[in-house]
Amino acid sequence: MAASREITVAYGDGIGPEIMDATLRILDAAGANLKYDVIEIGEKVYRSGIPTGIPQEAWDSLRRTKVFLKAPITTPQGGGYKSLNVTMRKALSMYANVRPVKAYAPYVQTPYPHMDVVIIRENEEDLYAGIEYQLTADTVQANKLISRPGCERIVRYAFEYAKQYGRKKVTCMTKDNIMKQADGLFHQVFDEVAKEYPDIEADHKIIDIGSALVAARPDRLDVIVTLNLYGDIISDIAAEVAGSVGLGGSSNIGEDFAMFEAIHGSAPDISGQGIANPSGLLGGAIMMLVHLGMPEVAEKVRNAWLKTLEDGIHTADIYRPQVSTKKVSTSEFADAVIERMGQAPTRLTARPYAKGQEMRITVTRPAEVPKAIVGVDVYLDWHVDGRNAAVLGPQVEALAGDGLRLHFVENRGVKVYPGTAPLDFLNDLWRCRFVADNGSATATQVAALLGRFADAGLDVVQTATLYTFDGKRGYSLAQGE
Ligand code: NAD
């Protein structure tokens, strides 16, 4: 018999130990031939004074096994505890969050019995970099950082996933009508990569209508690829619409590491009662088996699980007298799945698992292009003289010179000088855009301008140099510019 594959396992908090126990019993019964290195992470570790919730031994195990099956954990409220999931995704560079969301009608109630969507969410970038500043008394800032390689990696992953799983369409969701640089880059990379997959339909939806489709016409969607925050939101909408928060599994995939879990949390309200549905974690474990190159075992487990659902053996969360035959506990549910090992469902259908090689995504680093300084945005904290742009404007304009001229002053994204301010409500953060007289400037000219701001006693809270890349504007225009 081949040596068993070692994986790292965390039993987690709340219902975690109950559903993990059920899941591992099922994997063992299917002959998965896995060895479990059990680590402690989560609530107890947080409370022992480790603010990440992850002790050194856990990192050591993960770096060795590279595959992690994780039960949900409880993040204690207050006390500045960091989300363990976000820490792990970033530390182990797990860039893709994959959440298949499928309807299991009529056994699980849903208005969309044909829903079968996979959401592929970028996991590392966007607002989740957690870079935030208070700039003035009125204003805080959160930085949304999007990189071309980051976009390319997740978009390629989505197309490769679609190819491997025989999916027909990939829909990209962004808000590039508003965020033309950040979301615009994601959309642009999507269009570029899509050309390499002519057999897969490529589609783009603005995230607002896209979310509405997830909620109201999910049967029109297949694979969705999107940025971190949007993906976070639409995954929960999708799970809710499928009627299956307790049924969904998810994976976090990186170049070297992968983590598999249920999409739900630690459910403290039902913890210790032995009634939780283990299907979400089992779904994560099935994805793990495919990742480990054991698609046959994955299929065997999934078939037995589908047959159990079909036979009406249901935990309390999905139990309905119209379709259920027996209400079972967590461990009785596991027993029922184990009894059906080797059987196949007759009504519920499932796609075959990809038997191809592991997906390796390679990203092309963008070529160096000529970059030129063409101006600078200077952000001021200014709240005197009734916040009157007609007072601030000339004061700032007087600082121009040495090849840089004032282009505009704006407040809350709208140009307020020169010209009359169209805003009724002004806050204390002002952006003053200076541009090069002759089309290009130097860092020395920019530094000298900032010196003149300091000499004038103006409070500069941030600057952003304006560049062109290969002659193309690398910054947004102001509203009304
Ligand atoms: P939750 O998902 O734990 O529970 C929401 C509701 O769904 C509850 O009524 C719960 O009883 C029910 N539920 C969840 N899973 C179920 C299952 N398997 N079977 C039957 N019913 C189930 O969400 P919450 O209450 O907002 O969060 C509880 C804790 O979980 C929090 O500390 C949160 O931080 C944590 N959490 C952890 C993860 C994770 O580790 N990946 C994810 C989400 C939330």
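Numbering of ligands and ligand atoms starts at 1, following listing order.
- Those atoms of ligand 1 that come under 4.0 Å of a heavy atom in Asn85, given as number and element, are 39 (C), 41 (N).
- Closest of all the heavy-atom pairs between Ala162 and Val223 is CB-CG2, 4.2 Å.
- For Arg121 and Tyr128, the positive end sits near the middle of the six-membered ring, less than 6.0 Å away and at most 45° from its axis.
- Comparing heavy-atom distances from atom 33 (C) of ligand 1 across Ile73, Ile263, Asp317 singles out Ile73 as nearest.
- Residue Ile15 has no nitrogen or oxygen atom sitting less than 3.5 Å from a nitrogen or oxygen atom of ligand 1, judged on distance alone.
- The protein does not reach atom 24 (P) of ligand 1 closely, with no heavy atom under 4.0 angstrom from it.
- With hydrogens left out, the protein atom closest to atom 31 (C) of ligand 1 is Ser266 OG, 4.3 Å, a heavy atom.
- Among Thr75, Asp236, Ile275, Asp269, the residue whose heavy atom lies nearest to atom 34 (O) of ligand 1 is Thr75.
- Annotation: atom 3 (O) of ligand 1 to nearest protein heavy atom, Ala267 N, 2.7 Å.
- Pairing each heavy atom of Ala105 with each of Leu348, the nearest pair is O-CD2, 3.7 Å.
- Taking a cut-off of under 4.0 Å to the non-hydrogen atoms of Lys70, the atoms of ligand 1 that pass are 39 (C), 40 (O), 41 (N).
- Applying the 4.0 Å criterion to heavy atoms of Ile270 picks out, from ligand 1, the atoms 11 (O), 20 (C), 21 (N).
- Within the 4.0 Å cut-off (strictly below), a protein heavy atom is located near atom 20 (C) of ligand 1.
- Glu192 and Arg148 are joined by a salt bridge, as a carboxylate oxygen and a charged side-chain nitrogen come within less than 4.0 angstrom of each other.
- Within 4.0 Å of atom 6 (C) of ligand 1, not a single protein heavy atom is present.
- By the 30° and 60° cut-offs, the orientation of the rings of Tyr95 relative to Tyr157 is perpendicular.
- Taking each heavy atom of Glu339 and Gln343 in turn, the nearest pair found is O-NE2, 3.9 Å.
- The nearest protein heavy atom to atom 15 (N) of ligand 1 is closer than 4.0 Å.
- Summary of contacts: the protein heavy atom closest to atom 18 (N) of ligand 1 is Asn277 O, 2.9 Å.
- For atom 27 (O) of ligand 1, no protein heavy-atom neighbour is found at a distance under 4.0 Å.
- Only one option out of Lys70, Arg89, Glu124 pairs with Asn252 in a side chain to side chain donor-acceptor pair (under 3.5 Å); it is Arg89.
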Legend entry - Test side chain to side chain contact (heavy atoms under 4.5 Å, CB included) applied to Trp305 and Ile26, step by step: CA-CA 9 Å; Trp305 174 71; Ile26 295 170; over 6 Å; no
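- Taking the ring centroids of Tyr161 and Tyr165, they lie under the 6.0 Å cut-off.
- Distances below 4.0 Å separate heavy atoms of Thr74 from the following atoms of ligand 1: 32 (O).
- Residue nearest to atom 44 (C) of ligand 1, selected from Pro76, Gly265, Pro268: Gly265 (by heavy-atom distance).
- The salt bridge (charged side-chain N to carboxylate O under 4.0 Å, His left out) check on Glu57 picks up nothing, with sequence neighbours excluded.
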